Each structure stands twice: as C-alpha cells, then as structure tokens.
Number of protein chains: 2
Amino acid sequence: MTMDSPPLGLRERKKRAVRANLSAIALRHALERGVSQVRIEEIAAEADVSPRTFNNYFPSKEAAIIDSATMRAERLCELLAAQPGELSLHEALSAALMTLFEDEPDRDWISRARLIRAEPSLFAEAAKADLDIEQAVALEIGRRAGVDGATCLAPRLAAATVVAAIHAAVAFWLDANDGTLREAIGEAMSQFRIADIAPGGA
Amino acid sequence: MTMDSPPLGLRERKKRAVRANLSAIALRHALERGVSQVRIEEIAAEADVSPRTFNNYFPSKEAAIIDSATMRAERLCELLAAQPGELSLHEALSAALMTLFEDEPDRDWISRARLIRAEPSLFAEAAKADLDIEQAVALEIGRRAGVDGATCLAPRLAAATVVAAIHAAVAFWLDANDGTLREAIGEAMSQFRIADIAPGGA
DNA sequence: CACAATTTTGCGTGTCACGCAATATTACTG
DNA sequence: CAGTAATATTGCGTGACACGCAAAATTGTG
C-alpha cells in the first residue's frame, strides 16, 4: 500500500518519537498510580512538551495509554492473504495467528494488557480500536473467499469470532501464567470451528 | 437469589421511573442532535430534576443513553440453564438464543443499536457492559459443563464467541434491513461450531 | 537565506465528574 | 399519628479535560 518507509523526514521522525514517548510515560504513570490519578499536565511536563500538545496527539489519556497496544490489523491481514488458498478458512486463520504470535510479547505489552482488562475506561478505549481491526479482518476474509466482507454475514461473523477468540486466549493466558501465549491462541483456535465461506452464497 | 419483586416500595419505584425517564430523554436528544450535542443540563430540566441528580444516576450521558440497551445477561443464563442437558453446548446456546430473541426488537431498541454502532463513544460504553455479560455467560457455561467458568479457557472462549456472534448478527441485520433478527441470529449460530466441554479436562 | 508548510504553544471557553453538606422525602416504630 | 432513622435530592465548589483559535517556533525547500 503506502510504502514511504525509507524517506522518513525529520518532521515525521520527531512526531513519532514524541508520540511514543508520551504513550510510554502515560503507561508508566498509569501502572504506578492508577489510571484515574494520571494527569496530562505531568505527562507533558515529563516529556518536555506543552499540555496542549498532548491533546494534539491524543484526545484523552486513555488513548495515550492504549496507543500501540492494539495488534496491528494490517499484519494479520497480510499474513492471512499469504496463506495458500487450498487451506480452509479456519486453517488459514490459525496459521496466520501462529505466525502473528510467533514471538512472545514483552513486559510492556503484558502489563498494558493486564491494565486494560482491569480498568474499564481503558477497556472501552481498546474496544473502539478493536472495531477497526475487526472490520479490516472481515474485509480480508471476504476478499479471500470472493464475497463482500463489508455486507455479507459470513466474513463479518468469522472476523468477530476470531477477534473474540484472540481476546479470550489472551485473557486466559494473562490469568494462567502458564505456557506461552502462542499455545493459548492455538488451543483457542482448536476449540471452535468457522464454516468455510462459499462465494456463490446469497 | 434476591427476589423482592412483589414488595416494591415507593422509593424503588420512583427511582426506576426517574432512571428510565432520564435514559429515554437522553436517547431522544442523542437521536435528534447527535451525542456530542446532548447536554446533561437539558435532560435534567426536561425530567424535572437537578443536574446533580442526573450524575447521581449515571456517570455520563453515554451511560444514560446506553442504559437498558444491553440484553439482559441473567435472562440468557436462565434460558441456557433451562436447556436439557442432553443437548450439546452449541445446540443449547442456539436454543437459548432463539428463545431470547423470540420477539423482535422495538423501534427504540433498533435506533439505539444503530446509534451505538455509529458513535464510538457509545460503542465504548456498550463494550464495558458487554464484558459483564460475557463473564456471566462464561460462568453459566462452566456450571453447565462442570468446570470453572472463571478460569478455564473453554467456557470463556465459548462465551466470547457467542457474544461476538450475536454482535455480528445484530450488525448484519441492522445493515441488511431484510428478514428478522431471529433469523440472522440463527444463521450466525449455524455458521460456526463450539467444541463441547469435557469436565475432566485440565 | 528567504519563504511556505507544519507544528507547538498559550489562552479562553464550555462541559463534565464528583465530593460534601444541607435539605427534603420516604420508611419504620411505638 | 407523631417521631425518628434511612435514604434521595439538591446546590455549591473544585479539579480536570477537550477543543477552537491565533500567534510563535520549527522544519522542508529552492
């Protein structure tokens, strides 16, 4: 799609650095004091930035904490598209997820995931982001099967259940402290089936 | 559990009336002007109540609009528990949902559902409520299968996928304007399978 | 170096969540 | 039918926040 990776101007690099910095500080504050005690003013001060600038990057502190916590939907879509067409939908999704969760998450990701599950305001913010992910996955599933992923029920259902399965697996793994996340994802995918999508369907 | 249904004092009746009234006014304002233009002050004035009292019932206008939009988890749990034990988990869930969605939703429910999907702030608020629903369903599924619905993966996965399927079906039905919601739910449930849960599993 | 584009910043405004204490309403008891 | 305890409503004040707007600073370009 848009691949301007190499020519990344100073401008864009600085913006991304500021954004990542603000997000990291926000997460740390939230872990140390609790989300409700996080103050935008303090985050901005620590990042050497005006408070107004914070709200220039994020509409709320929750958004800052969540930022970059969402697994990238584009990556999942790419992996799904890369699976051989002979595989059933369920097999292709499983294989894509096994690749997506190839490397175990780092400490920041884990503590952030725990925090999101513990704090309703963060959970709500994350749900908004997951909606976009789900739609993107539905579109890719639809493309793969030759149907409209935006309107037909089947691809949307498949996307919704897969995202739900990932959530359940992550939540289980966070609670269980046992085995790898990859294994939890795999076990989840093995415990339900998604019907293949027939292109000729109504 | 707690069954004080008949002896419902004046106090409780008034509270419920005020709550329902505030919620209805909030929904109407949101439909007419958009959520961002809803003012707590106006809702309170129309309900002949102090603005402070509004925040006594709801922590935000979004919560007021959402209130009573969530399908009742207790009802789904009851219906699930009422299904004969010979049925597989998937069959029992399907049957329970068919009963739960026996009567088609009214106009208020539909317009609210549309609004929730269109407005991210409402979607986020609804997601919080759905989390509770999911946990309750997981507990009931676990009880039915004789495993711990709070810790084991299987019941949580089943609950998550079922809730996701309901969401997908509702969203599809709202877009399609074709057939009944009941049919959409049934079609969704027929397009994926949930593994039965073995009580002896680790 | 000058000039255009973009970003940062400060300021003001309207909205909101919530603690607290005073007041009003409801429930209960002799 | 009081009188009293429990609970709900209300007004007020405070801290925080989202966001529009325009001036100032920073970056990209010829």
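Because the structure is a prediction, the values reported are computed rather than measured. In what follows, chains carry the letters A, B, and so on, assigned in the order in which the sequence lines appear, proteins first and then strands, with residues in each chain numbered from 1.
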Peer 1: Mapping R11(B) and V18(A) to their closest nucleotides on DNA chain C, which lands nearer the 5' end?
Peer 2: V18(A)

Peer 1: Quick one: K15(A) NZ to dT6(C) P, roughly how many Å, whole number?
Peer 2: 10 Å

Peer 1: Does anything in residues 26-41 of chain B reach DNA chain C, meaning a heavy atom under 4.0 Å, and if so which residues?
Peer 2: V38(B), R39(B), I40(B)

Peer 1: Heavy atom of residues 42-64 of chain B under 4.0 Å from DNA chain C: which residues?
Peer 2: R52(B), N55(B), P59(B), S60(B), K61(B)

Peer 1: Report yes or no: does R182(B) contribute a side-chain atom to a donor-acceptor pair with the main-chain N or O of M98(B) at less than 3.5 Å?
Peer 2: yes

Peer 1: I'd like to know if the side chain of R39(A) and the backbone of S36(A) have a donor-acceptor N/O pair within less than 3.5 Å.
Peer 2: yes

Peer 1: Quick one: side-chain hydrogen bond (donor to acceptor under 3.5 Å, both in side chains) pairs with a partner in residues 75-85 of chain B, sequence neighbours left out?
Peer 2: none

Peer 1: Tell me every residue that passes side-chain contact (heavy atoms from CB on, under 4.5 Å) with A30(B), counting only those two or more places apart in sequence or in another chain.
Peer 2: V35(B), V38(B), I65(B), L115(B)

Peer 1: Please report, to 0.1 Å, the donor-acceptor pairs under 3.5 Å made by any side chain of residues 165-174 of chain B, with sequence neighbours excluded.
Peer 2:
residue	atom	partner	partner atom	Å
H167(B)	NE2	D130(B)	OD2	2.9
W173(B)	NE1	G179(B)	O	2.9

Peer 1: With a strict under 4.0 Å distance from non-hydrogen atoms of chain A, what nucleotide opens and what nucleotide closes the contacted stretch of DNA chain D, reading 5' to 3'?
Peer 2: dA16(D) to dG28(D)

Peer 1: Dump the intermediate steps for salt bridge (charged side-chain N to carboxylate O under 4.0 Å, His left out) on K15(B) and E12(B), then the final yes or no.
Peer 2: CA-CA 5 Å; K15(B) 281 196 70 166; E12(B) 194 60 22; 5.6 Å; no

Peer 1: Step by step, would you call R33(A) with E42(A) a salt bridge (charged side-chain N to carboxylate O under 4.0 Å, His left out)?
Peer 2: CA-CA 12 Å; R33(A) 319 175 193 175; E42(A) 302 181 22; 2.3 Å; yes

Peer 1: Indicate the atoms forming the closest heavy-atom contact of A158(B) with L89(B), along with that distance.
Peer 2: CB-CD2, 3.9 Å

Peer 1: Any donor-acceptor pair under 3.5 Å linking the side chain of H90(B) with the backbone of F192(B)?
Peer 2: yes

